[in-house]
Number of protein chains: 4
Amino acid sequence: MQAKNSPDKQKERTFIESARRAQIVAAAIEVIADQGYGNASFAKIAKQAGLSSTGMISYHFKGKDDLIREVVAEFMRLTAVHLTGKMDAETTMAGRLRTYITARIAMLDEYPKHFLAVLEIVSAVRAEDPELRGLTPGMAYFFSVQEERFREGQRAGEFREFDPKIMVLALHGAINEATARAAVDPDFDSAVCGRELADLFEAATRKDGMSHDN
Amino acid sequence: MQAKNSPDKQKERTFIESARRAQIVAAAIEVIADQGYGNASFAKIAKQAGLSSTGMISYHFKGKDDLIREVVAEFMRLTAVHLTGKMDAETTMAGRLRTYITARIAMLDEYPKHFLAVLEIVSAVRAEDPELRGLTPGMAYFFSVQEERFREGQRAGEFREFDPKIMVLALHGAINEATARAAVDPDFDSAVCGRELADLFEAATRKDGMSHDN
Amino acid sequence: MQAKNSPDKQKERTFIESARRAQIVAAAIEVIADQGYGNASFAKIAKQAGLSSTGMISYHFKGKDDLIREVVAEFMRLTAVHLTGKMDAETTMAGRLRTYITARIAMLDEYPKHFLAVLEIVSAVRAEDPELRGLTPGMAYFFSVQEERFREGQRAGEFREFDPKIMVLALHGAINEATARAAVDPDFDSAVCGRELADLFEAATRKDGMSHDN
Amino acid sequence: MQAKNSPDKQKERTFIESARRAQIVAAAIEVIADQGYGNASFAKIAKQAGLSSTGMISYHFKGKDDLIREVVAEFMRLTAVHLTGKMDAETTMAGRLRTYITARIAMLDEYPKHFLAVLEIVSAVRAEDPELRGLTPGMAYFFSVQEERFREGQRAGEFREFDPKIMVLALHGAINEATARAAVDPDFDSAVCGRELADLFEAATRKDGMSHDN
DNA sequence: CATGAATGAGTGTTCATTCAT
DNA sequence: AATGAATGAACACTCATTCAT
């Protein structure tokens with residue numbers, strides 16, 4: 001009775017709908033980063049977005065999970081855009097690692113709220129089903145890619161022998177800690193932090209005796 | 001670290017009162033670790049503790065902040081007891097560092113709930129006033145001590161030149177990430193993780209050319 | 001029963017408009033029967049009808065009352081068409097009664113959703129103003145006709161003396177109960193039910209000593 | 001740690017708690033009967049009960065289902081008390097039937113809201129899972145008992161041959177319809193209705209030729 | 001003729017906290 | 001020392017309806 005030539009149940013979002021969603025997502029990021037995930041109620045987000053009612057958010061998002069998932073997706077889009085290009089320019093694994101760390105930390109200046117918001121979300125939903133927020137698939141893939149990069153570096157003789165899983169864990173732990181610190185410490189200097197972390201992981205990964213000046 | 005005999009308005013607690021507080025704190029740790037900070041309501045904690053009403057918790061603690069502060073204090077007491085002795089046995093800074101990391105990670109097996117709970121708390125209250133939960137003073141002091149240790153190591157010629165602040169940041173980021181991972185990943189092996197992280201930070205801190213096998 | 005050419009403010013409906021209304025009414029019947037009156041929101045009805053928004057329903061109907069009224073009207077039209085002819089063929093009052101009961105129960109197989117939907121509506125709006133849904137006039141008229149039929153039968157000596165009001169009440173109570181049961185009980189057999197109910201009310205109405213086999 | 005010598009998780013309700021529950025149940029019956037199940041929100045019930053907030057209801061009942069279940073249970077308790085004694089005094093099945101009908105209809109005068117409320121509930125939850133409200137078990141048992149009574153009467157030669165299932169269905173349909181009518185029709189006379197319905201079902205069940213005066 | 005964006009009141013439920021007993 | 005009753009604000013979410021386009 002209703003001709004649907006689209007192959008799948010594709011939602012076909014209107015321009016104005018997309019704009020509203022983006023506006024709400026932006027407000028959500030702001031509120032989560034500023035007040036924490038636990039305090040990020042629809043009421044606060046609506047207020048931040050200048051909307052008159054929370055019903056508006058429910059109208060544009062199927063539920064809170066849907067909104068949070070969109071925040072995460074927005075963050076991932078952003079990260080991919082900023083990092084992929086720069087890293088592909090590097091030829092050595094050590095170079096890629098240094099570039100990733102410094103570029104990632106540099107982003108803290110540009111999008112301080114985004115990273116913080118996602119960090120809040122990741123922490124807060126640990127105990128609940130993380131699939132709901134679309135976290136697991138993206139994260140797991142991202143981590144596995146990084147592990148593989150470390151393995152490549154080891155095969156190429158650039159890196160010493162270590163457990164790539166643990167190295168990825170340490171790397172992300174350090175970056176997350178820096179993200180949290182940046183939000184709290186007014187003296188935080190992202191340039192210094194990026195350089196120092198890059199040095200740290202260069203030293204932690206390179207083969208014995210290989211120093212950066214020979 | 002906490003002057004017990006200070007002339008301040010120190011409430012003299014009866015034995016039974018202390019026992020009740022301990023019981024509630026233990027229940028809170030369990031619930032926070034298992035269900036997340038966001039879901040750790042007085043109702044859930046009371047149920048876990050086998051208490052019939054939440055009023056009991058409010059009776060023994062001045063408020064939620066007070067309870068959380070006690071959880072953190074309990075954790076700090078625990079960490080101090082377990083780590084101080086072992087580390088003091090070491091003579092070199094590198095040795096102390098390795099001991100700290102492995103002992104700290106090993107504790108994940110012994111007290112998985114405690115660490116997870118505190119991790120949840122630290123993440124969740126970042127946006128709110130952390131002083132309220134008694135986090136800031138302890139953490140700041142602990143971090144400054146570790147920074148000073150790294151500086152000692154640098155002065156003694158054991159460690160390369162790096163920013164001790166960032167090294168502490170990376171170290172704790174890695175350990176926190178490991179804590180979170182341990183709670184989620186059934187394949188997590190604390191022995192491997194401890195050794196690998198110790199290797200990682202040994203390599204990251206030692207002077208160029210100084211390797212353990214040449 | 002409803003003067004179509006009355007000089008009242010009768011809205012001239014276009015063909016397409018009527019089609020849309022019919023489509024929505026059909027969807028409403030489906031949803032009310034399947035999910036209950038309480039769950040029959042415009043959103044659910046629009047979805048069932050394949051419409052993208054609830055605004056469409058509000059556009060074609062002045063309000064929820066209007067839609068419900070149309071559902072009831074559709075049901076009454078249907079009942080009249082199916083029953084009138086068959087009953088007029090009967091000459092005795094007892095025959096008419098039997099025919100009415102069996103034909104009415106038989107309709108449960110043909111239009112299960114319609115009857116159930118109206119039953120839901122009647123139950124749900126009892127406490128509110130039933131006039132709004134166009135229930136009262138039709139029902140009252142229908143009941144008074146049936147009462148009069150019973151009186152005719154009594155005058156003709158076919159039926160024993162009883163209060164026709166109560167007999168109508170019992171008859172409709174039984175039929176409604178059967179309607180509800182049919183929707184729930186997979187073992188419900190409309191043929192058996194129709195025959196048994198007809199026997200029941202034949203026995204309940206006939207003069208003492210008058211039996212069909214002596 | 002908490003000695004519990006009770007064999008089961010028996011809730012052990014306080015006197016005041018029971019009183020509050022009863023008060024809320026009474027208010028719920030009032031509201032459901034007066035405004036319909038669909039309009040019986042916690043807000044309306046709280047207002048009716050003179051409570052200041054809906055949270056109070058949630059405090060005493062685990063959820064809306066729990067409250068509704070209690071309403072039904074209260075009704076069943078009431079019915080059992082009023083009917084059992086009277087019916088047991090009768091020796092013939094026909095006598096029991098007559099007593100049941102008249103006593104049941106007479107209760108409409110005494111507890112008009114109770115019956116109406118339960119009728120509303122039964123209608124409203126048909127589409128949802130009726131088990132949740134504790135309806136199914138009680139009803140099914142009650143119906144099966146009545147069916148068995150009819151079968152006894154048939155074996156004893158008091159009743160004609162008919163399908164007991166359908167007779168129970170008709171009986172309850174008629175009584176329910178009377179309940180609804182009583183709430184709406186100011187001219188409703190329960191004495192007349194009771195007597196007439198008793199006559200009706202006596203005629204509908206007795207063996208051919210057996211009249212009440214020989 | 002039709003749509004989808006917007007509204008604001010209303011839903012049941014949970015929350016930390018207070019207080020009389 | 002302890003209890004359980006009570007509170008009222010906050011929560012995410014749904015509702016029928018309006019209206020500009």
Side-chain angles (χ1 to χ4, degrees), chain A residues 12-21 38-46 51-68, chain B residues 13-17 19-20 38-46 51-67, chain C residues 13-17 19-20 38-46 51-67, chain D residues 12-21 38-46 51-68:
Chain A
E12 297 287 352
R13 265 196 258 285
T14 320
F15 168 75
I16 176 163
E17 154 113 72
S18 298
R20 270 269 182 263
R21 278 176 69 98
N39 298 328
S41 65
F42 274 20
K44 298 239 179 70
I45 295 170
L51 305 175
S52 59
S53 80
T54 70
M56 180 97 236
I57 301 179
S58 288
Y59 174 72
H60 286 288
F61 293 87
K62 209 165 57 175
K64 195 168 194 183
D65 287 349
D66 193 23
L67 172 55
I68 297 304
Chain B
R13 271 197 253 286
T14 66
F15 168 75
I16 181 163
E17 157 116 53
R20 273 268 183 259
N39 298 328
S41 65
F42 274 19
K44 298 235 180 72
I45 295 170
L51 305 175
S52 58
S53 88
T54 70
M56 177 108 221
I57 300 178
S58 287
Y59 175 73
H60 286 286
F61 295 87
K62 205 164 52 175
K64 197 169 193 182
D65 289 347
D66 192 24
L67 171 55
Chain C
R13 272 198 252 283
T14 66
F15 168 75
I16 181 163
E17 157 115 53
R20 273 268 183 258
N39 298 330
S41 65
F42 275 18
K44 298 236 180 72
I45 295 170
L51 304 174
S52 58
S53 87
T54 69
M56 177 108 222
I57 301 179
S58 287
Y59 176 73
H60 285 287
F61 294 88
K62 205 164 52 177
K64 196 169 193 182
D65 289 347
D66 193 22
L67 171 55
Chain D
E12 298 287 352
R13 264 195 257 288
T14 320
F15 168 74
I16 177 163
E17 155 111 73
S18 298
R20 270 268 182 263
R21 278 176 69 98
N39 297 328
S41 64
F42 274 20
K44 299 239 178 70
I45 295 170
L51 305 174
S52 59
S53 81
T54 70
M56 180 97 237
I57 301 178
S58 288
Y59 174 71
H60 286 287
F61 294 87
K62 208 166 58 175
K64 195 168 194 183
D65 287 349
D66 192 23
L67 172 55
I68 298 303

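Order of the sequence lines fixes the chain letters, A, B, ..., with proteins taken first and strands second; residue numbering starts at 1 for each chain. Being a predicted model, the structure only gives us computed values, none of them experimental.
Residue-to-nucleotide contacts include a donor-acceptor pair under 3.5 Å from the side chain of Tyr59(D) to the base of dA5(F). Side-chain atoms of Thr54(A) come within donor-acceptor range of the base of dC13(F), with a qualifying N/O pair under 3.5 Å.
Separating the CD1 atom in Ile45(C) from the NZ atom in Lys64(C) is a distance of 6.0 Å, to the nearest 0.5 Å. Of the inter-residue distances, the one linking Ile57(A) atom CD1 with Arg20(A) atom CZ reads 10.5 Å to the nearest 0.5 angstrom. The distance from the OG atom of Ser52(B) to the CE atom of Met56(B) is 8.5 Å, given to the nearest 0.5 Å.
When each of dT17(F), dA16(E), dC13(F) is scored by its nearest atom to the side-chain atoms of Phe42(B), the top-ranked nucleotide is dA16(E).
Rounded to whole angstrom, the span from the CZ atom of Arg21(D) across to the P atom of dA6(F) amounts to 13 Å. Counting to the nearest Å, the C1' atom of dT18(F) and the NZ atom of Lys62(C) are 16 Å from each other. Atoms CZ (Phe61(D)) and C1' (dT14(E)) sit 18 Å apart, rounded to a whole Å. Ile45(C) has its CD1 atom 10 Å from the P atom of dC15(F), to the nearest Å. The NZ atom of Lys64(C) sits 9 Å away from the P atom of dC15(F) (whole-angstrom rounding). Here dA12(F) presents its P atom at 11 Å from CG of Asn39(A), a figure rounded to the nearest Å.
Contact annotation: Arg20(A) side-chain N/O to dA6(E) OP1/OP2 distance is under 4.0 Å. The side chain of Ser53(C) places no N or O atom within less than 4.0 Å of a non-bridging phosphate oxygen (OP1 or OP2) of dA2(E). Phosphate contact (OP1/OP2 of dG8(E), side-chain N/O of Ser52(A), threshold under 4.0 Å): present. Between His60(C) and the phosphate of dA2(E), there is a side-chain N or O to OP1/OP2 separation shorter than 4.0 Å.
DNA chain E forms stems at E:2-21 with F:2-21, each a run of 3 or more consecutive Watson-Crick or G-U wobble pairs whose two key distances fall under 3.5 Å.
Taking every heavy atom of both residues into account, His60(A) and Arg21(A) meet most closely at O-NH1, 3.0 Å. Closest heavy-atom contact between Ala46(D) and Ser53(D): CB-O, 3.8 Å. The shortest heavy-atom contact between Leu67(D) and Phe61(D) is CA-CD2, 3.7 Å. Between Phe42(B) and Gly63(B), the shortest heavy-atom distance links the atoms CZ-C, 4.3 Å. Across every non-hydrogen atom of Lys44(B) and Asn39(B), the tightest pair is NZ-O, 3.2 Å.
The nearest heavy atom of DNA chain F to Leu51(D) and to Lys44(C) marks one nucleotide each, and the one closer to the 5' end goes with Leu51(D). Of the residues near DNA chain E, Ser58(B) and Glu17(A), the one whose nearest nucleotide (by heavy atom distance) lies more toward the 5' end is Glu17(A). If you find the closest nucleotide of DNA chain F to Met56(D) and to Ala40(C), the one lying nearer the 5' end belongs to Met56(D).
Contact annotation for Ile16(A): backbone-only contact, meaning every heavy-atom pair under 4.0 Å involves sugar-phosphate atoms and none involves a base. Using a 4.0 Å heavy-atom cutoff across all strands shown, Ser41(D) reaches sugar-phosphate atoms only and no base atom. No engagement by Ile57(C) is indicated, since no non-hydrogen atom pair under 4.0 Å with the nucleic acid exists.
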